[in-house]
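Below, read A as the first sequence line, B as the second, and so on, with proteins coming before strands; counting in each chain starts at 1.
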2 protein chains.
Amino acid sequence: MSDIDLSDRKKQILYQAVEDYIENASPITSGAMVQKSETTLSSATLRNELNALEQMGYLKQLHTSGGRVPTTKGYRFFVNTIKDNCRADLDGLMKIKSVFEQRTINLSELIKVVAEKISEVTDYPTIVSLGGIDKLEILSIKIIPLMTNQALMLIQTPRGLLNNTLELEQSVDEQSCIDAGRVLTNKFAKMTIGEMVDNIVTKHQEIIQELNEYAGFFEYVLQSLVGLTKKYAQNGVYSKGATKLLKNPEYQNVEQAKEILQLLEDKEELKNLIDDDSDDEIEFSIGDELCDERLSDCTIAKAHCKINGENIASVGIIGPKRMDYAKISGALKFIVDEFNKPDLLETSKNNKKGDQYD
Amino acid sequence: MSDIDLSDRKKQILYQAVEDYIENASPITSGAMVQKSETTLSSATLRNELNALEQMGYLKQLHTSGGRVPTTKGYRFFVNTIKDNCRADLDGLMKIKSVFEQRTINLSELIKVVAEKISEVTDYPTIVSLGGIDKLEILSIKIIPLMTNQALMLIQTPRGLLNNTLELEQSVDEQSCIDAGRVLTNKFAKMTIGEMVDNIVTKHQEIIQELNEYAGFFEYVLQSLVGLTKKYAQNGVYSKGATKLLKNPEYQNVEQAKEILQLLEDKEELKNLIDDDSDDEIEFSIGDELCDERLSDCTIAKAHCKINGENIASVGIIGPKRMDYAKISGALKFIVDEFNKPDLLETSKNNKKGDQYD
DNA sequence: GTTAGCACTTTAGGAAAGAGAGTGCTAACA
DNA sequence: TGTTAGCACTCTCTTTCCTAAAGTGCTAAC
């Protein structure tokens, strides 16, 4: 898959052809390429070359006398070529930068704003999926009594507060809650949420004994943890700008647009689509590569944002295969880099203005 | 606007005509009405009557030899007529009922699920706007110290917990927080959030003196309250099923669909559209009545859900003017009634499973 | 290896024609 | 006076046909 069979001239012609098609959405023709003086060759020679590229699977004709459009293989060649050569919309990206610099914002809010801005800059629907809470380290656990047999469980993590309500059999006093929180903190601090859940399942009896007089609370905590995990899983996907798809000529037919718009409404499906454990920071999945009938004419650009090497959010941009790869690549690269800056973590950890998960 | 100029026969014909049009989406013709034996009159007589109804502004012809379609006035007549005669999709509504009976759900979650189910039952996009937090009564205020100069402010209300972070200059100990919470509770309990904010603005100095050694906290609370109000205003709109619009023949053209889908993505605009202080529980705004160019071919059905006479949420259903008014009316009435049941308030107040606002 | 020239193919768009649907009007009828 | 049959008229929708335009592939010459 290294395009090694392509002569330099073919590579250049193919690159120009795909670039043209992305810009104009009208099939590539030998005549047009000569007219735009993208080559010194004659249209006849170009025809030969285009024909050869078609034989090799990089282009295809819609009908005999029409021009050619890129195949997935053609787009793939193009994407691999521009990879390190992305174009950035500086004005738009500066707007995003100001969001990152605004220290008063919390992480989940930041993610939302990023999705909005990216969608604005790229003019494509943008999806953001927050990483699960499983890998978050527990810093402390607090229990706050509320009225009528309820209490609030707060779990502090390096990335903000998690909260969920406990359902008690009887009301409890303030001091017991404080004490129970301390005991739970001692037991579970430094573990991740995931490890805590594991521990609870595998060492249930053991822990109950250890917790002594606060074992009663433990059952409620257990109950609440299930709710917590569910709650944060559901709220972890955010999408913006779905209707921007309709600006593209490939979705002028409602039937074609409907399927993808429906997909964009289904958070669960979106999550599956965006989440993956690729090591690449930025990756493009083009058409058939997505292995989803509905998306056979789409490309999804994904960026995996990491803080301290840990995946904290994935950003996806969905559009027609004929999307502006260079611009999108630039925008995603910018985001990934912003997350990689060491001081963002500082901001996130010692955030002056409440870094909360909700 | 009382349709008093209509003979009984005209009323019946008009009703049938609109009903037909809603069902079939094809213009009303004298021939079709006779064929469906909706009348014992001849097609010629029907033609006279339809012509008269057109002169009176209830119907209009798209072109000379086509059939007629209802005008806004025609739909308005129809809606007024079916008002107390709505049809319910029992199967679908029973699904919603089970959500109401599920006592473990909190109010904002309930609202979301209701929007989803209504959208499913009616097959139209559905919008839910939660009432503001201004009118919520304060039951108690708690302050919880967090790490590194932060604290969490919790305000208990009859409809769940509000929370926001306080930014402190220096860290504080647990006991001071508990005490500060008590003092704030004594001062502000029984007021509404709105009143609390008013008080803070108008009696700033007075309160600071009163709060004595906890006056320091007060400044932070003030700061946090602004954030709180903003936060809950932004999260108060929820919409579901936007792409369901595309199922309707009137949106087979992307240009027509685009505007409304864009509108459905803009939470702020949706909020303005759905919120109003009408006394009617259920109301329909048809086409021009909405006074919005983009919505001139739409109808919005709104229901105002009240608990104890206070507006707690508005539900809006948006669709083409040719929407199934009887079915939608039935669904909305069902929802409003469920909210009106006295025991929902109980559920909401003494909810066993944490009735939280987030 | 490149290119000019030409025949061939296919689409897009418009004009023309005919069928079908529906109305309005007139005149007859109860 | 209200109702209805009948008919001419209008308008749309579909089909068919035609032409222009665009683009290719192939061949032969350079």
Side-chain angles (χ1 to χ4, degrees), chain A residues 5-14 16-21 23-71 74 249-250 252-253, chain B residues 5-14 16-21 23-71 74 249-250 252-253:
Chain A
D5 45 346
L6 288 176
S7 68
D8 280 355
R9 191 170 78 172
K10 281 199 178 56
K11 280 184 185 168
Q12 203 191 328
I13 290 172
L14 179 55
Q16 294 271 13
V18 178
E19 197 176 36
D20 261 21
Y21 185 67
E23 196 183 336
N24 305 312
S26 60
I28 306 142
T29 67
S30 56
M33 288 190 76
V34 170
Q35 225 173 22
K36 286 181 198 157
S37 48
E38 283 160 355
T39 173
T40 54
L41 300 170
S42 74
S43 74
T45 312
L46 220 40
R47 275 202 292 284
N48 287 334
E49 292 289 55
L50 291 174
N51 195 327
L53 285 166
E54 179 168 2
Q55 302 305 319
M56 296 161 94
Y58 291 100
L59 299 172
K60 69 172 180 246
Q61 272 184 306
L62 298 174
H63 47 262
T64 337
S65 74
R68 292 176 169 90
V69 297
T71 59
E250 26 275 280
Q252 284 315 294
N253 177 331
Chain B
D5 44 347
L6 288 176
S7 68
D8 280 355
R9 190 170 76 173
K10 280 200 178 59
K11 280 183 185 169
Q12 204 191 326
I13 291 172
L14 179 56
Q16 295 270 15
V18 178
E19 198 176 36
D20 261 23
Y21 185 67
E23 196 183 336
N24 304 313
S26 60
I28 305 143
T29 68
S30 55
M33 288 190 75
V34 170
Q35 225 173 20
K36 287 181 197 156
S37 49
E38 282 162 355
T39 172
T40 54
L41 299 169
S42 73
S43 73
T45 311
L46 220 41
R47 275 203 292 283
N48 287 334
E49 292 289 54
L50 291 174
N51 195 323
L53 286 167
E54 180 169 0
Q55 302 305 319
M56 295 161 93
Y58 290 99
L59 299 173
K60 67 170 179 246
Q61 272 185 306
L62 298 174
H63 47 261
T64 337
S65 74
R68 292 175 171 91
V69 298
T71 59
E250 25 276 278
Q252 285 315 296
N253 177 330

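Rounded to an integer number of Å, the gap from B:Gln55 CD to C:dG24 C1' is 11 Å. Summarising the geometry, the separation between NZ on B:Lys10 and C1' on D:dT3 is reported as 13 Å, rounded to the nearest angstrom. Rounding to whole angstrom units, CD of residue B:Gln61 and P of D:dT12 are separated by 11 Å.
To the nearest 0.5 Å, atoms CD (A:Gln252) and CG (B:Asn253) are separated by 8.5 Å. For the atom pair CG of B:Asn24 and NZ of B:Lys36, the computed distance is 4.0 Å after rounding to the nearest 0.5 Å. One finds the CE atom of A:Met33 at 12.5 Å from the CD atom of A:Gln35 (value rounded to the nearest 0.5 Å).
The phosphate of C:dT3 has OP1 or OP2 within less than 4.0 Å of a side-chain N or O from A:Thr45. Residue B:Asn48 places none of its side-chain N or O atoms closer than 4.0 Å to OP1 or OP2 of D:dG2. Contact between the side-chain N/O atoms of B:Arg68 and the OP1/OP2 oxygens of C:dG24 is found at a separation under 4.0 Å. Distances shorter than 4.0 Å separate some side-chain N or O of B:Thr29 from OP1 or OP2 on C:dG22. The shortest distance between the side-chain N/O atoms of B:Arg47 and the OP1/OP2 oxygens of C:dT26 is not below 4.0 Å. Regarding contacts with the backbone of D:dT24, every side-chain N or O of A:Thr64 stays at 4.0 angstrom or more from both OP1 and OP2.
Residue-level contact check: B:Ser43 touches neither bases nor backbone, having no heavy atom under 4.0 Å from any strand.
The two residues B:Arg68 and B:Leu50 come nearest to each other via the heavy atoms NH1-CB, 3.6 Å.
Nucleotide D:dT19: paired with C:dA12 (Watson-Crick or G-U wobble, both distances less than 3.5 Å). D:dC13 is paired with C:dG18 under the Watson-Crick or G-U wobble criterion, all donor-acceptor distances under 3.5 Å.
You'll find that the side chain of B:Leu41 is closest to D:dT4, out of C:dT3, D:dT12, D:dT4.
The backbone N or O of A:Gly67 lies less than 3.5 Å from no partner atom in the side chain of A:Thr29, so there is not a single donor-acceptor pair.
Judged by closest nucleotide on DNA chain D, B:Glu49 is the one of A:Leu50 and B:Glu49 placed further toward the 5' end.
Side chain A:Ser65 to base C:dT10: a donor-acceptor pair is found below 3.5 Å.
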